Amino acid sequence: MIRDMAAGPRVLLKRLRELMAEPLEPQERLDRIVRDIAANMVAEVCSLYVLRADSVLELYATVGLNPNAVHLAQLRLGQGLVGTIAASARALNLSNAQEHPAFAYLPETGEEIYHSFLGVPVLRAGRTLGVLVVQNKTMRHYRDDEIEALETTAMVIAEMIASGDIARLSRPGLELDMTRPASFTGISFNEGVGLGHVVLHEPRIVVTNLFNEDSDEELRRLEDALGSLRLSIDDMLSRRDVAFEGEHREVLEAYRMFANDRGWVRRLEEAIRNGLTAEAAVEKVQSDMRARMLHMTDPYLRERMSDFDDLANRLLRQLMGRGPESIAASLPKDAIVVARSMGAAELLDYPRDRLRGLVLEDGAPTSHVVIVARAMGIPVAGQMKGAVSMSENGDPIIVDGEEGTIHLRPQPDLEAAYAEKVRFRARRQELYRELRKRPSETKDGVKIDLLMNAGLAVDLPQLAEAGAAGIGLFRTELQFMVASTFPRAEAQEKLYRDVLDTAKGRPVTFRTIDIGGDKVLPYFKGSVQEEENPALGWRAIRLTLDRPGLLRTQIRALLKASGGRELKVMLPMVTELSEIAQAREIIDREVRHLSRFAHHLPTSLKLGAMIEVPALLWQLDELMQTVDFVSVGSNDLFQFVMAADRGNTQLADRFDPLSVPFLRVLRQIAEAGARNHTPVTLCGELAGKPISAMALLGLGYRSISMSPASIGPVKAMLTELPLGELKAFLDDNLSGPAANLPMRALLQAFADDRSIPL
Ligand code: PEP
Ligand code: MG
């Protein structure tokens, strides 16, 4: 029965295939297409409206309506029945169109004599490109199989629009929506500006073979592919590293549920029976789903729908027998990767010299891929909802990592403005490069150590490029975060050795693994129970003292890697001095063990603590006497002093670290260091902004550690800084009753008066 009904669409699709292959002018092709659709569906009218960049739907072809109305009749998005279909991305099936409240009468078309109306959106990757309509004089209701057939036809038209064939019919100033410039605002995840061309991270597979020769054969192919897909998901679920852990598992469980979803499978089969290949059927059902997803507001449901989306992509790959494409081969020289989300390791698959930026629909500043992108020094903009479906491979794009915006298919003047911005930044970089050769000294001759923060092998070349005096903070947990299982002892030792080799005798401070809080390892189930306040929870030194095996392995790797050289080890999140004593015991035991086996030991071993937990502020002298050095982790210290979550965007600008209370805290630490002759550095984000770096120097800090990109701007500041004057200025302002002084503004004015570049 269903097969008989499907004979109509099959004949039509065959006809459309012939028409698409013929060497016709685009208008002629469209005219013939609407004529054939009308004939096949026994409709008196068939019309195609195409969405223009100015949000107007223009009549591009018709049979049945007044032919003179073509390219003249138009409706705004949301206006009339056609505008409603386009805006909602849903079909409308009406036996008496004129009774519908949205009906808008266009006298030039002569459509008043037609009563029944069926319109479907022309969709591609969930985006509406136009509307396809059939109409009849009699008041009739179109059957489900007719809706299905028209939707399938609309898909063919979507491909024609995307291929550029139809765009040739647009007039200057009235371009199609597909080519419209679009800007998005999200969040900046890494500074910098990138101009280039879109590379979709998981490129939409372009289904070129739309029409099937043999439905039964296609149904069999679909069944096979679904079978392998289900098996691969079951396989992933049963893997040991996935089986125990929360969120990842949930996603896979959802995949499994969807892969067995009857509704989905039925829609796929229906599309095949209507004449599509299995690939085209997946694409059609996926596009319908995406369109619906765009109108969904519940974040949970949206998330689930995008799981479906991923699943459809996997199924397509399965059907086309394609593994992950070899990336480098087809990459433009100025690639800007656009992804919904991405793993850190996947980004490392792209050759660095061709990457100009990264755009993510999801992501957070602390997500692993962002950490890696920052290490690679490329601009990153995140939370760009809708960026993937609005982009096509090869579209020109600008990523503005300063503003947290992207511009797709930018107008020439915008592009020129950004090109100027890039040139300006390049000139500034040139200036910083020249500064590299100059000594790192204030205007009044005080020597300052500018160190850099690092954590991955990709960071290492920056040590020489940035002209850093050493590595003030090596975040060893990053190696653990980008791996899929615990890095083995040999891998740890190799990384540490590479770091020390690259440093060529410059000091390197290794921080022991600082996981927990916002730094989760997908393969390590930390706390037994869900933590309500992970930042205050079982993390960093607390965790490693409870799991001494972890710390022991790491210490041994560090000791072996630094044989014959100095080793500096730093403990994160110290709260009590006894924690330092416990760690020292573990280190001593490892030293004894290695010397028993005649290993080459470090020439000296220095142990330091990070000041991140406020409790240390009331035991500063004892702390300074216990350790060889301290480093202020201002990111954590600030969040705990102010009771303000460092990852909460709503609180991001609420409290200022350059306020009197926090500056007093920082000064107190510097003074305690000086009093006890214990070296003090600071390695949080405060060190990397010229204005706060200036304040730190004024408070007594002589060594600060920052991201490599900040070293140039900070050095440019300090070479112009009369440090003695700043010290006096800060002493004056912080010593009296001053809690409400606007210190940031005062510091800015101090710098402006002396032409210090901030
Ligand atoms: C800090 O807290 O300031 C710090 C440097 O450590 P992390 O940012 O890695 O927590
Ligand atoms: Mg910290």
Side-chain angles (χ1 to χ4, degrees), residues 189-190 344 364-368 370-372 374-375 450-456 459 468 470-482 508-521 526 533-544 554 568-575 579 608-617 629-648 651-652 655-658 662-663 665-666 669-670 680-689 692-693 695-696 699 701 703-711 714:
F189 286 162
N190 195 33
T366 49
S367 47
H368 306 171
V370 175
I371 292 170
V372 172
R374 227 178 271 145
L450 298 182
L451 305 159
M452 76 171 222
N453 296 346
L456 292 169
D459 300 341
I471 297 180
L473 167 65
F474 191 85
R475 291 181 162 106
T476 60
E477 65 276 8
L478 293 194
Q479 185 189 21
F480 289 70
M481 285 165 66
V482 300
V508 177
T509 303
F510 291 98
R511 176 173 73 182
T512 60
I513 171 170
D514 180 13
I515 50 171
D518 60 346
K519 297 175 193 162
V520 285
L521 303 184
N533 295 301
L536 305 177
W538 193 56
R539 51 176 290 205
I541 187 73
R542 304 168 182 184
L543 187 153
T544 44
Q554 179 170 43
K568 292 177 81 180
V569 177
M570 178 159 77
L571 308 172
M573 282 287 291
V574 171
T575 312
E579 292 165 334
M610 291 196 74
I611 302 184
E612 296 177 293
V613 178
L616 287 185
L617 299 175
F629 63 94
V630 298
S631 185
V632 181
S634 55
N635 306 339
D636 275 315
L637 186 60
F638 184 67
Q639 84 163 337
F640 296 134
V641 166
M642 302 316 237
D645 181 348
R646 66 192 260 189
N648 187 328
L651 295 176
F655 305 113
D656 191 351
L658 296 185
F662 198 63
L663 290 176
V665 168
L666 294 171
I669 297 169
V680 177
T681 59
L682 184 143
C683 58
E685 299 303 313
L686 272 188
K689 305 267 181 305
S692 47
L696 290 170
L699 295 172
Y701 289 78
S703 158
I704 49 179
S705 192
M706 63 201 81
S707 71
S710 296
I711 289 187
V714 168

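Whatever order the structure lists ligands and atoms in, that order sets their numbers, starting from 1. Given the structure is predicted, the values throughout are model-derived calculations rather than measurements.
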Student: Once rounded to the nearest 0.5 Å, what's the spacing between atom CG of Leu637 and atom CG of Leu617?
Tutor: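 If we round to the nearest 0.5 Å, Leu637:CG and Leu617:CG are 6.0 Å apart.
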Student: Identify, with sequence neighbours excluded, every residue that meets side chain to side chain donor-acceptor pair (under 3.5 Å) alongside Ser692.
Tutor: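 Here no residue qualifies.
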Student: I'd like to know if Gln639 contacts ligand 1, where contact means a heavy-atom distance under 4.0 Å to any ligand atom.
Tutor: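 Heavy atoms of Gln639 never come under 4.0 Å of ligand 1.
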Student: Tell me the contacting part of Arg511 for ligand 1: side chain, backbone, both, or neither, using a 4.0 Å heavy-atom threshold, strictly below.
Tutor: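 Under 4.0 Å from ligand 1, Arg511 contributes side-chain atoms alone.
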Student: Could you list which atoms of ligand 1 come closer than 4.0 Å to a heavy atom of Arg646?
Tutor: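 Near Arg646, meaning under 4.0 Å from one of its heavy atoms, ligand 1 has 2 (O), 7 (P), 8 (O), 10 (O).
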Student: Is there a salt bridge (charged side-chain N to carboxylate O under 4.0 Å, His left out) between Asp459 and Arg475? Walk through the geometry before answering.
Tutor: CA-CA 11 Å; Asp459 300 341; Arg475 291 181 162 106; over 6 Å; no
Student: Can you list the residues that meet the side chain to side chain donor-acceptor pair (under 3.5 Å) rule with Asn453, with sequence neighbours excluded?
Tutor: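 Scan of Asn453 (side chain to side chain donor-acceptor pair (under 3.5 Å), adjacent residues dropped) gives Ser705.
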Student: Between Asn190 (side chain) and Val370 (backbone), is there a donor-acceptor pair under 3.5 Å?
Tutor: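 Absent.
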Student: Please name all residues satisfying side chain to side chain donor-acceptor pair (under 3.5 Å) with Thr476, sequence neighbours left out, ordered by chain then number.
Tutor: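 Residues passing side chain to side chain donor-acceptor pair (under 3.5 Å) with Thr476: Gln554.
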Student: Pull out every atom of ligand 1 sitting under 4.0 Å from any heavy atom of Gly633, numbered as shown with elements.
Tutor: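 Numbered from 1, ligand 1 contributes 1 (C), 2 (O), 3 (O).
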Student: Take the Mg ion (ligand 2) and tell me which protein N, O or S atoms are nearer than 2.8 Å.
Tutor: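 Protein N, O or S atoms closer than 2.8 Å to the Mg ion (ligand 2): Glu612 OE2, Asp636 OD2.
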Student: Run the numbers for me: atoms of ligand 1, each under 4.0 Å from some heavy atom of Asp636, listed by number.
Tutor: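 Every atom of ligand 1 under 4.0 Å from some heavy atom of Asp636: 1 (C), 2 (O), 3 (O), 10 (O).
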